[in-house]
Amino acid sequence: MARIACVEILMVDLKPKVLRTDATQSFVSQETPLVRITDADGAVGVGYTYTIGTGGPSVVALLQNTLAPRLIGQEADAIQAIWRDMLLSTHATAIGAITSLAMAAVDTALWDLRCKRANLPLWILAGGARESVPLYTTEGGWLHIEPSALIEDALEVQAKGFLGSKIKIGKPNLSEDRARLQALRTAVGPDYEIMVDANQSFNLSEAIRRARMLEDFNIGWFEEPLPADDVGAHAQLAAQTTVPIAVGESMYSLSQFKDYLSTGAASVVQADVARVGGITPWLKIAHLAEAYNIAICPHFLMELHVSLVCAVQNARWLEYIPQLDLIAPLSMRIDAGRAYPSQEPGLGINWDWDAIAHETVMSPIEIMEAA
């Protein structure tokens, strides 16, 4: 064991390779704060977090001014204690996105450091449940994409062995969503999984109406049909449809997931490791979902989530959206529609520090022990 001696903070800004739109927003940029933690023995762990275009400087400021200084001198392996200390030190701003995103950058760096010191990959140290996981793609299903292009993308990935595609819904008229789904289902056949995502765009009555339409197409799940903070409405919706209800990407605490699971408001849990505050709470959420016999199918961050879904028993899918190709190439092996986590010690993310230096949008910040 060794104490934390130095924390470095930097941020890159990555542009998506394709236009990404849904019913409520357009994903124009990925601000990516990174944290490098060095312990007294010289071992280094790297963690990161992300936004979809706004708030990155606020995350960096919280790291610089509040969280990172508290890390200096703490035992790096005391991850639970450090996570709790971060939460209590930001109590007035938690639970919420900026705080959770900042905590996640620290927590993932500490897990990376722990894995490297143990000479084990994350998927083994965190549980070691399976060696691979099936993929579904979202990258070809954005809301602006025409049905012909949806079909082309789905058939392409289906030929590669992918078992499912997710498409965005939330067109002004139900008939438009129906037409897109009908065209896609006809093209891919009955055995290919189709998921849909409304990005919190409906009220309860409209969500019920759309869910009844979705039942005609054997939909794998109906994702974020309603505002994420309305547990009661999700429970009402779940009681009125056979389509599984998926939630979690816009939730930030273990307690929020407990409320959904205990009331039957969720059929699929989509905890995002960055938005819940790191690997430490993500694993608790996954195990909580397992207690309810509910699958965890995380949102985004495939390069990190591949190790986590292979660590736990109740993971079902990994979402394919390339995110770090520019600064971390070859971080995940894909073969016949399945993703395989790295066997290297740590998170398994192959950071390209030359590329990171080129994409850095603010001067790196270093916090270390006083001489």
Tell me the ring-ring contact (aromatic ring centres under 6.0 Å, His included) pairs involving [range], sequence neighbours left out?
range: residues 259-279; answer: His234-Tyr260
range: residues 153-183; answer: Phe162-Tyr320
range: residues 55-92; answer: none
range: residues 193-217; answer: none

*asked:* Restricting to non-hydrogen atoms, name the atom on Ala76 and the atom on Ile4 that form the minimum distance, rounded to 0.1 Å.
replied: CB-CG1, 3.9 Å

*Any donor and acceptor pair, going by atom type alone, linking the side chain of Ser201 with main-chain N or O of Ala198 inside 3.5 Å?*
yes

Tell me whether [Y] is reachable from [X] by hopping between hydrophobic residues (I, L, V, M, F, W, Y) whose side-chain heavy atoms are closer than 4.5 Å.
X: Val12; Y: Leu330; answer: no
X: Val157; Y: Ile321; answer: yes
X: Leu326; Y: Met332; answer: yes
X: Ile145; Y: Leu143; answer: no

Review item, side-chain donor-acceptor pairs of residues 101-108, under 3.5 Å, at least two apart:
from, atom 1, to, atom 2, distance (Å)
Asp107, OD1, Thr280, OG1, 2.7
Asp107, OD2, Ile279, N, 2.7
Asp107, OD2, Thr280, N, 2.8
Asp107, OD2, Thr280, OG1, 3.3
Thr108, OG1, Tyr48, N, 3.2
Thr108, OG1, Ala104, O, 2.8
Thr108, OG1, Ala105, O, 3.2

*Please report the C-alpha distance between Ser342 and Glu344 in whole Å, then the side-chain angles of each, then the deciding distance to 0.1 Å, and finally whether the side-chain hydrogen bond (donor to acceptor under 3.5 Å, both in side chains) criterion is met.*
CA-CA 5 Å; Ser342 172; Glu344 295 298 316; 5.5 Å; no

Would you say [X] has more than 12 foreign heavy atoms packed within less than 6.0 Å of its [atom1]?
X: Asn173; atom1: CG; result: yes
X: Glu131; atom1: CD; result: no
X: His358; atom1: NE2; result: no
X: Glu75; atom1: CD; result: yes

*What pairs meet the side-chain hydrogen bond (donor to acceptor under 3.5 Å, both in side chains) rule with one or both residues in residues 243-253, with sequence neighbours excluded?*
Gln200-Ser250, Glu224-Ser250, Glu249-His299

Taking only residues at least two apart or on different chains, which pairs with a member in [range] satisfy salt bridge (Lys or Arg N to Asp or Glu O under 4.0 Å)?
range: residues 22-49; value: Glu8-Arg36, Asp39-Arg117, Asp41-Arg117
range: residues 44-59; value: none
range: residues 90-100; value: none

*Carefully, step by step, assess Asp216 and Arg178 under the rule salt bridge (charged side-chain N to carboxylate O under 4.0 Å, His left out).*
CA-CA 9 Å; Asp216 294 338; Arg178 174 184 284 279; 3.3 Å; yes

*asked:* Could you list the cluster mates of Leu125? Members are the ILVMFWY residues connected by side-chain heavy atoms closer than 4.5 Å, either directly or through other members.
replied: Leu120, Trp123, Ile124

*Which other residues end up in the same hydrophobic cluster as Val268, if Ile, Leu, Val, Met, Phe, Trp and Tyr are linked when side-chain heavy atoms come under 4.5 Å apart?*
Tyr136, Leu163, Met195, Trp221, Trp317

*Trace of the salt bridge (charged side-chain N to carboxylate O under 4.0 Å, His left out) decision for Glu176 with Arg180*: CA-CA 6 Å; Glu176 295 178 84; Arg180 284 158 57 88; over 6 Å; no

*List the steps and the verdict of side-chain contact (heavy atoms from CB on, under 4.5 Å) for Leu87 and Ile95.*
CA-CA 9 Å; Leu87 180 68; Ile95 303 296; 4.0 Å; yes

_Pairwise distance CG(Leu283) to CG(Leu288) - rounded to 0.5 angstrom_ = 12.5 Å

*To the nearest 0.5 Å, tell me how far Asp272 CG sits from Thr49 OG1.*
8.0 Å

*Listed partners of Asp85 passing side-chain hydrogen bond (donor to acceptor under 3.5 Å, both in side chains), at least two apart*: Arg70

